[in-house]
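One structure is given below, encoded as structure tokens.
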Amino acid sequence: MKYLDEFNDPKLARRLLDEIRATVTRPWALMEVCGGQTHSIIRHGIDQLLPEEVELIHGPGCPVCVTPLECIDKALEIAARPDVIFCSFGDMLRVPGTDRDLFRVRGAGGDVRVVYSPLDALQLARRHPDKQVVFFAIGFETTAPANAMAVHQAKRLGLANFTLLVSHVRVPPAIEAIMTAPACRVQGFLAAGHVCSVMGMAEYPELAERHRVPVVVTGFEPLDILEGIRRTVGQLERGEHRVENAYARAVRADGNPAAIRMIEEVFEVTDRNWRGIGRIPGSGWRLSEAYRAFDAEHRFDVTGIRTEEPAECRAGEVLQGLIKPTDCAAFGTSCTPRTPLGATMVSSEGACAAYYLYRRMSEPALPREEMNPVG
């Protein structure tokens with residue numbers, strides 16, 4: 001199958017691993033920014049196959065996980081209103097708010113629906129003019145163009161009953177926050193390929209130069225990730241700090257210009273809270289003044305909701321790469337996919353969910369010599 005089987009070849013994986021082993025001479029700590037990459041790494045045991053000098057640190061690349069608790073509580077309040085049809089992607093329904101989640105709101109009678117696109121929510125607004133239809137617009141740069149298009153279409157169609165609850169976040173400011181944190185150990189980044197397929201790579205050279213870290217744009221299949229690691233380690237060993245594109249089959253230097261234009265028309269950059277991390281300047285988007293009428297926070301007057309994270313949950317430290325999920329005392333005990341304390345245990349891209357799903361209950365799971373790469 002094109003673009004699948006060839007990126008799961010065990011022989012090529014071993015060759016890349018051999019090249020990494022032959023290159024590395026000292027310890028290096030790399031961060032994969034994307035939650036999809038984290039799941040691929042844990043699923044295939046890539047972190048355990050690497051030479052012990054190479055450590056992979058899981059970053060804040062799960063959009064569900066970094067959606068702040070206060071935004072979840074705003075969603076819950078809006079969704080519980082009798083005049084609202086609240087639309088969301090499925091993995092948001094079990095993310096815990098302060099005292100409930102969207103599943104419980106639906107069980108109590110709220111009209112909460114799973115959709116597969118913001119345009120599905122737009123169609124609901126057209127079919128139900130007597131209801132307020134709200135779409136929960138979360139995610140990184142990857143999902144922003146479709147959400148922007150939905151609002152653009154709503155304005156063009158004059159749909160006064162459609163709004164977005166926006167919690168969009170941006171990767172480059174998160175990298176800046178990670179690199180300037182006092183406890184930062186990251187020496188190189190595997191950048192998220194799907195984000196760069198939209199936005200391109202223009203924002204990364206300045207980060208790489210200022211913090212003297214290599215940034216390698218990387219895909220999601222095992223060989224993609226190993227190639228990204230190989231290039232990053234190679235740069236570190238040579239004392240380089242450049243931006244490289246190891247995902248050229250999907251990423252162009254300028255990204256998707258049409259998508260960028262749509263984002264810039266509908267959204268404007270703002271400071272944003274990240275769940276478990278805190279406020280990162282310039283790290284999010286909100287609806288611009290021209291589209292402010294479609295902002296659910298303002299329409300439903302929930303801008304004043306403020307919350308505090310539960311002390312028992314250490315998801316924020318996981319998202320910052322300060323600890324592994326197994327370092328948290330609640331992991332696999334009081335915090336499981338059925339009884340999650342935080343979003344990292346619920347989301348399909350969450351690091352805690354990956355460790356639980358693939359039975360990574362302690363480190364290491366297997367001696368490296370007993371493991372078979374990819375296959």
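For the numbers below, each heavy atom of this structure counts, side chains included, while hydrogens, waters and symmetry mates do not. Everything numeric in this text was worked out from a predicted model, so none of it was measured. Residue numbers run from 1 in the order of the sequence given.
Formation of a donor-acceptor pair under 3.5 Å by the Gln37 side chain with backbone atoms of Ile225 is not found in this model. The main-chain N or O of Val216 is found under 3.5 Å from a side-chain atom of Thr218 such that the two form a donor-acceptor pair. Side-chain N or O atoms of Asp120 include one that pairs as donor or acceptor with a backbone N or O of Ser117 at under 3.5 Å. Under the 3.5 Å distance criterion, the side-chain polar atoms of Asn245 are matched with a main-chain donor or acceptor of Val251.
Atom CD of Gln48 and atom CD1 of Ile41 lie 11.5 Å apart (nearest 0.5 Å). Here the SG-CG distance, from Cys352 to Leu357, works out to 12.5 Å after rounding to the nearest 0.5 Å. Rounding to the nearest 0.5 angstrom, the gap separating the CZ atom in Arg104 from the CZ atom in Arg94 is 10.0 Å. Atom CD of Glu237 sits about 9.0 Å away from atom CD of Glu53, to the nearest 0.5 Å.
Using a 30° and 60° split on the angle between ring planes, His152 and Tyr291 fall in the tilted class, from 30° to 60°.
Counting only N and O atoms by type, the side chains of His39 and Tyr358 include no donor and acceptor under 3.5 Å apart. Using a 3.5 Å distance cut-off with no hydrogens or angles, the side chains of Arg81 and Gln132 do not pair a donor with an acceptor.
With a 4.5 Å cut-off on side-chain heavy atoms, Leu287 and His298 do not count as touching. In this structure, the side chains of Met345 and Phe331 come closer than 4.5 Å at one or more pairs of heavy atoms. Side-chain atoms of Val64 and Val346, non-hydrogen and from C-beta on, never get closer than 4.5 Å to each other.
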Task: Step-by-step ring pair (Phe, Tyr, Trp, His ring centres under 6.0 Å) determination, His211 to Phe189 - done: CA-CA 11 Å; His211 298 292; Phe189 285 93; 8.6 Å; no
Open item on the list: Applying side-chain contact (heavy atoms from CB on, under 4.5 Å) to Cys62 and Thr344, what does each step give before you reach the verdict?
Closed with: CA-CA 8 Å; Cys62 165; Thr344 50; over 6 Å; no
- [ ] Any chance you could lay out the ring pair (Phe, Tyr, Trp, His ring centres under 6.0 Å) test for Phe220 and His194, step after step, and finish with the verdict?
- [x] CA-CA 9 Å; Phe220 307 92; His194 52 10; 4.9 Å; yes
- [ ] Would you sort out whether Phe136 and Phe86 count as a ring pair (Phe, Tyr, Trp, His ring centres under 6.0 Å), showing the intermediate values?
- [x] CA-CA 8 Å; Phe136 203 175; Phe86 193 88; 5.7 Å; yes
Open item on the list: Does Glu227 form a side chain to side chain donor-acceptor pair (under 3.5 Å) with Tyr247? I'd like the steps, not just the answer.
Closed with: CA-CA 9 Å; Glu227 173 64 8; Tyr247 197 38; over 6 Å; no
Task: Arg292 vs Glu289, salt bridge (Lys or Arg N to Asp or Glu O under 4.0 Å): CA-CA, chis, key distance, verdict - done: CA-CA 5 Å; Arg292 197 61 52 80; Glu289 189 62 37; 3.6 Å; yes
TODO: Would you sort out whether Glu176 and Arg170 count as a salt bridge (Lys or Arg N to Asp or Glu O under 4.0 Å), showing the intermediate values?
DONE: CA-CA 11 Å; Glu176 176 70 24; Arg170 303 172 57 237; over 6 Å; no
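Qualifying side-chain hydrogen bond (donor to acceptor under 3.5 Å, both in side chains) partners for Thr339, counting only residues two or more places apart in sequence or in other chains: Thr336.
With respect to Pro222, the side chain to side chain contact (heavy atoms under 4.5 Å, CB included) criterion is satisfied by exactly one of Leu49, Leu12, Ile46: Ile46.
Under the 4.5 Å side-chain contact rule for hydrophobic residues, Tyr355 and Val318 do not share a cluster.
Residues Ala208 and Val215 approach most closely at CB-CG2, 4.2 Å, considering heavy atoms.
A salt bridge does not link Lys324 to Asp47: none of the charged side-chain nitrogens sits closer than 4.0 Å to a carboxylate oxygen. Taking a cutoff of 4.0 Å between a charged side-chain nitrogen and a carboxylate oxygen, Arg249 and Asp224 qualify as a salt bridge. Between Arg21 and Asp18, at least one side-chain N (NZ, or NE/NH1/NH2) sits under 4.0 Å from a carboxylate O, which counts as a salt bridge.
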